[in-house]
A.B. asks: 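Could you have a look at this structure, given as structure tokens, before my questions?
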Number of protein chains: 2
Amino acid sequence: MSHMGYPCFMALDRDHVLRSAAALLTRKSTATMDEVAKAAGISRATLHRHFAGRDALVRALEALGIAECEAALDRARPEQGSATDAVRRLVREIQPAAGLLAFLYGESQLWEGDRQNDGWQRLDSRIGALFQRGQQDGEFRIDLTPVWLTEALYGLTASCAWATLDGRVAARDFPTMVAELLLGGALRREES
Amino acid sequence: MSHMGYPCFMALDRDHVLRSAAALLTRKSTATMDEVAKAAGISRATLHRHFAGRDALVRALEALGIAECEAALDRARPEQGSATDAVRRLVREIQPAAGLLAFLYGESQLWEGDRQNDGWQRLDSRIGALFQRGQQDGEFRIDLTPVWLTEALYGLTASCAWATLDGRVAARDFPTMVAELLLGGALRREES
DNA sequence: CCCATGTGAGACATTCTTGTCTCATTATGG
DNA sequence: CCATAATGAGACAAGAATGTCTCACATGGG
């Protein structure tokens, strides 16, 4: 069926391999290519036919993470309604990708190089715009910069993903823990 | 002066080496033993005379990080005054160790093994107790568990340390950014 | 049935890091 | 000045992970 240099149904397998690798590397970020292959139920040779090397695999995972974040952002409709509710929706939609995000967040390989994926900047811009809108609408305080709020969203997401893996936080509490801390902080609100 | 198998002033050098390694590994967590040695201004041979291997070096850095956190916790006097101010003091005192903390936070080697340093549990207990006190005093909300608040403190500290290294957050704003977000969140307070 | 394609298993060289060793040089104290 | 200790430089082997290759097997369509 395929008259080119690539296998017919590689695209389907490729996605499965990518998901398996994400699940494994989330738990053990130092996993070997051999372990990644085994986790996907394929041989190392086949894994290399999908991804030229470990670097290519990590880059593909980065692209997947960016895509999932952008999809989550789309589903969250960040321009709609109050910024507060938009953040809550965003955190809820981003939870399935939190593990992958946490892995990428700790993968220094992606940040040390001078050439980093533009997707992150696109994401930063969109999320930053959400926080900025909240500030302009008077919902969010203005002494915390949108850049920092964006960074905090990533950080809390990764932290909660790890805490969930360790069992220190229940998975079903993820959206509440992240969103409510990010929005309201630890302080008790005055009942007014 | 030394009649034993160890050099005379190694203790002094050792601390300097440890600090250099912390500073380097904070920026580049995959740095080689050779790079660590060069950063400390010593040869790889001497580095090995201080620390048996990379693992021992990381363990020593872990011990240093724990010690610095405990010292910061002591200086912050977490039992004194309002829990809110105690958290602010803690964040301020912990800033100098934030880079090291961020490195250790991402060093999976320390968490994957079944044997982890008791120091972290001691720290978790003390910080968790601070948040619990705040809850009992009615300062902090009770729908976020002390365990999660502790985790969030670590996560925000690491995130802000990285953001500071990248220049996305000014170092002088570190205490405000971390403490105010952790305490008050992004939402604007009602002026009452 | 035959052939092309995808796959698994394994061998192999390469590279990188580490750990260990020796030896010459330096400085340090008596 | 001398002896000891500490260091730096470099050689060396061991180990791990990677990238590449070959070959045998099976699987599916024509």
Side-chain angles (χ1 to χ4, degrees), chain A residues 1-62 103-104 106-110 112-113, chain B residues 1-22 24-62 103 106-110 112-113:
Chain A
M1 183 163 293
S2 165
H3 298 269
M4 298 163 296
Y6 296 98
C8 301
F9 299 109
M10 254 178 124
L12 297 178
D13 284 2
R14 189 187 142 104
D15 191 73
H16 165 247
V17 171
L18 219 41
R19 305 278 172 184
S20 304
L24 173 60
L25 290 173
T26 294
R27 294 191 308 269
K28 187 183 176 188
S29 60
T30 60
T32 301
M33 292 292 277
D34 206 65
E35 296 174 288
V36 172
K38 276 190 171 43
I42 61 177
S43 70
R44 198 161 67 95
T46 304
L47 178 59
H48 267 277
R49 289 181 188 111
H50 285 294
F51 306 99
R54 186 189 184 79
D55 188 76
L57 174 62
V58 173
R59 293 292 170 179
L61 285 171
E62 178 184 37
F103 162 69
L104 296 172
E107 200 65 6
S108 51
Q109 166 191 5
L110 302 174
E112 284 167 2
Chain B
M1 183 161 293
S2 165
H3 298 268
M4 298 163 297
Y6 295 100
C8 302
F9 300 108
M10 252 180 125
L12 297 177
D13 285 2
R14 189 187 142 105
D15 191 73
H16 165 247
V17 171
L18 220 41
R19 305 278 171 185
S20 304
L24 174 60
L25 291 172
T26 294
R27 295 192 307 269
K28 187 183 177 187
S29 60
T30 61
T32 300
M33 291 293 275
D34 206 65
E35 296 173 287
V36 172
K38 275 189 172 45
I42 62 176
S43 70
R44 198 161 67 95
T46 304
L47 178 61
H48 268 276
R49 288 181 190 109
H50 285 293
F51 306 98
R54 188 189 183 80
D55 187 76
L57 174 62
V58 173
R59 293 292 170 179
L61 284 171
E62 179 185 37
F103 161 69
E107 199 65 6
S108 52
Q109 166 191 6
L110 302 174
E112 285 168 3

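Proteins come first, then strands; the chains are lettered A, B, ... in the order of their sequence lines, and each starts at number 1. Values below: all heavy atoms of this structure, side chains included; hydrogens, waters and symmetry mates excluded. As the structure is a computational prediction, the values presented were derived from the model and not from experiment.
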A.B. asks: Any idea which heavy atoms bring A:Glu112 and B:Arg27 closest together, and the distance?
C.D. replies: OE2-O, 3.7 Å

A.B. asks: Pair A:Leu61, A:Glu107 - check side-chain contact (heavy atoms from CB on, under 4.5 Å), show working.
C.D. replies: CA-CA 11 Å; A:Leu61 285 171; A:Glu107 200 65 6; over 6 Å; no

A.B. asks: If you assign each of A:Ala45 and B:Ser43 to its closest nucleotide in DNA chain D, which residue comes earlier from the 5' end?
C.D. replies: B:Ser43

A.B. asks: If we only count heavy atoms from C-beta on, is the B:Arg54 to B:Thr32 side-chain gap below 4.5 Å?
C.D. replies: no

A.B. asks: Roughly how far apart are B:His50 NE2 and B:Asp13 CG, rounded to 0.5 Å?
C.D. replies: 5.0 Å

A.B. asks: Name the pairs: protein N/O against N/O of nucleotides 13-19 of chain D, kept only if under 3.5 Å.
C.D. replies:
residue: D:dT18; atom: OP1; partner: A:Arg54; partner atom: NH1; Å: 3.2
residue: D:dT18; atom: OP2; partner: A:Met33; partner atom: N; Å: 3.1
residue: D:dG19; atom: OP2; partner: A:Arg54; partner atom: N; Å: 3.4
residue: D:dG19; atom: N7; partner: A:Arg44; partner atom: NH1; Å: 3.3
residue: D:dG19; atom: O6; partner: A:Arg44; partner atom: NH2; Å: 3.1

A.B. asks: How bent is the helix from C:dC1-D:dG30 to C:dG30-D:dC1, comparing axes over its five end pairs at each side, to the nearest 10°?
C.D. replies: 10°

A.B. asks: So, for A:Thr30 and A:Glu35, which heavy atoms are closest and what is the spacing to 0.1 Å?
C.D. replies: O-OE1, 4.5 Å

A.B. asks: Rounded to whole Å, how long is the line connecting atom CD1 of A:Ile42 with atom P of D:dA26?
C.D. replies: 20 Å

A.B. asks: Given atom NZ of B:Lys38 and atom P of D:dT7, what is their separation to the nearest angstrom?
C.D. replies: 17 Å

A.B. asks: Please report the closest heavy-atom contact between B:Ser29 and A:Ser108, naming both atoms and the distance.
C.D. replies: OG-OG, 3.5 Å

A.B. asks: Is any side-chain heavy atom of B:Arg59 closer than 4.5 Å to one of B:Leu110?
C.D. replies: yes

A.B. asks: Not counting sequence neighbours, which residues clear side chain to side chain contact (heavy atoms under 4.5 Å, CB included) with A:Ala56? List them please.
C.D. replies: A:Phe51, A:Ala52

